[in-house]
There are 2 protein chains.
Amino acid sequence: MSETLDAVDVRLLQLLDLDGRASLRSLAEAVGLSGPAVADRISRLTERGIIRRFAVDIDWARLGLPTLAHIALLTDKTQHIETVMSRLREVERIEEISIVTGSIDLLVRARVADLVDLRRLLVERIWPIEGIQRVETTLAVETLALPDFTAALLTDRTTSDGSSRS
Amino acid sequence: MSETLDAVDVRLLQLLDLDGRASLRSLAEAVGLSGPAVADRISRLTERGIIRRFAVDIDWARLGLPTLAHIALLTDKTQHIETVMSRLREVERIEEISIVTGSIDLLVRARVADLVDLRRLLVERIWPIEGIQRVETTLAVETLALPDFTAALLTDRTTSDGSSRS
DNA sequence: ATTGAAAATCACAGCCG
DNA sequence: CGGCTGTGATTTTCAAT
């Protein structure tokens with residue numbers, strides 16, 4: 001069971017995901033409420049932890065990190081998983097680390113400049129970590145991030161608890 | 001070769017990634033410039049496409065979608081990849097689709113409520129897509145998104161072109 | 001949630017290095 | 001060209017309803 005949002009909250013989240021710096025005024029007009037009411041809803045969403053933060057969507061390709069890599073790791077179980085993860089979180093270029101089901105243990109998401117950069121990441125930063133047994137890297141040659149994803153996911157969430165009917 | 005940022009641009013991106021709604025005034029104070037100068041830099045970063053948009057970081061778990069799934073797809077090559085991808089982009093719960101190297105063709109990232117929800121996603125939405133041959137789903141049982149990732153990546157990017165030296 | 005007024009902030013202009 | 005300061009216009013905040 002999770003949080004309850006009404007249609008206005010959902011609309012606000014959608015609008016803010018499109019433009020996180022939109023003024024309260026424009027948001028208020030868009031949802032048909034007054035400015036203070038919108039301000040109040042946004043701070044409540046933030047306090048409830050539904051809004052984690054307002055972030056900036058950076059085009060990493062333009063900053064010289066065009067390539068997305070998924071690095072699958074198998075660990076020997078001589079090290080605690082927490083130890084391996086804490087060493088991984090020190091590694092630059094890594095943006096996410098997951099413990100996963102299936103034939104591997106960890107799935108790491110990283111962003112690299114090119115193959116030289118990837119070589120350094122693998123050889124100098126990943127391989128030396130104790131407890132890592134096998135490394136398998138998959139490169140994305142094209143990525144489609146769905147900008148409407150938030151909108152789509154949210155339309156689904158109105159006054160919902162997120163569970164499914166069977 | 002890519003874009004050039006100076007130290008102030010980098011600092012602004014870091015600050016905005018922490019709080020995308022920060023006032024120009026507070027940003028100006030933090031970087032030691034005046035308000036208009038900061039406004040100018042932000043609009044320049046936006047025009048250059050480095051800032052794609054200001055977004056909101058939503059805690060999907062609190063909205064009933066706690067589980068991250070990676071779905072690996074193998075396609076038979078009877079359908080154009082564009083066709084398969086365009087059908088995938090209609091599917092709710094999917095937030096990213098990549099064409100990848102390795103033993104699979106597509107890697108899809110999705111967020112689901114529970115196993116019932118996942119079952120429906122797979123059986124009703126993914127399997128029926130023509131041209132999909134094999135589906136292998138990996139569930140994340142724990143995910144660590146690195147909040148400092150942006151900061152770390154950016155510290156690296158000052159006045160850089162993003163390529164590596166060998 | 002609304003209104004209305006006070007306080008803070010922003011955008012725009014013209015001006016300097 | 002990139003930045004600063006001024007001013008008027010907007011926006012945000014706060015109180016009372």
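Order of the sequence lines sets the chain letters (A, B, ...), proteins ahead of strands, with each chain counted from 1.
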Anti or syn - dG6(D), cut at 90° from 0: syn
Non-neighbouring partners of Leu74(A) that pass side-chain contact (heavy atoms from CB on, under 4.5 Å), sequence neighbours left out: Asp105(A), Gln133(A), Arg134(A)
Pairs involving residues 12-33 of chain B, ordered by first then second residue, that meet side-chain hydrogen bond (donor to acceptor under 3.5 Å, both in side chains) (sequence neighbours left out): Arg53(A)-Asp17(B), Arg11(B)-Gln14(B), Asp17(B)-Thr150(B), Ser23(B)-Ser26(B)
Partners meeting side-chain contact (heavy atoms from CB on, under 4.5 Å) with Arg48(A) (sequence neighbours left out): Glu3(A), Leu5(A), Asp9(A), Arg44(A), Leu45(A), Ile50(A)
Listed partners of Ser34(A) passing side-chain contact (heavy atoms from CB on, under 4.5 Å), at least two apart: Pro36(A), Ala37(A)
Non-neighbouring partners of Glu96(A) that pass salt bridge (charged side-chain N to carboxylate O under 4.0 Å, His left out), sequence neighbours left out: Arg109(B)
Set of side-chain contact (heavy atoms from CB on, under 4.5 Å) partners for Val8(B), sequence neighbours left out: Asp6(B), Leu12(B), Val31(B), Leu33(B), Arg41(B)
Intra- and interstrand pairs of DNA chain C - dot-bracket, Watson-Crick/G-U under 3.5 Å, | marks other strand: |||||||||||.||||.
Donor on one side chain, acceptor on other, Ser98(B) and Thr143(A), under 3.5 Å: yes
Sequence-aligned protein contact record of nucleotides 1-14 of chain D, with B where the base is within under 4.0 Å of a protein heavy atom and S where only the sugar-phosphate is: -SSSB-----SSSB
All pairs passing ring pair (Phe, Tyr, Trp, His ring centres under 6.0 Å) where residues 69-94 of chain B contributes a residue, at least two apart: His70(A)-His70(B)
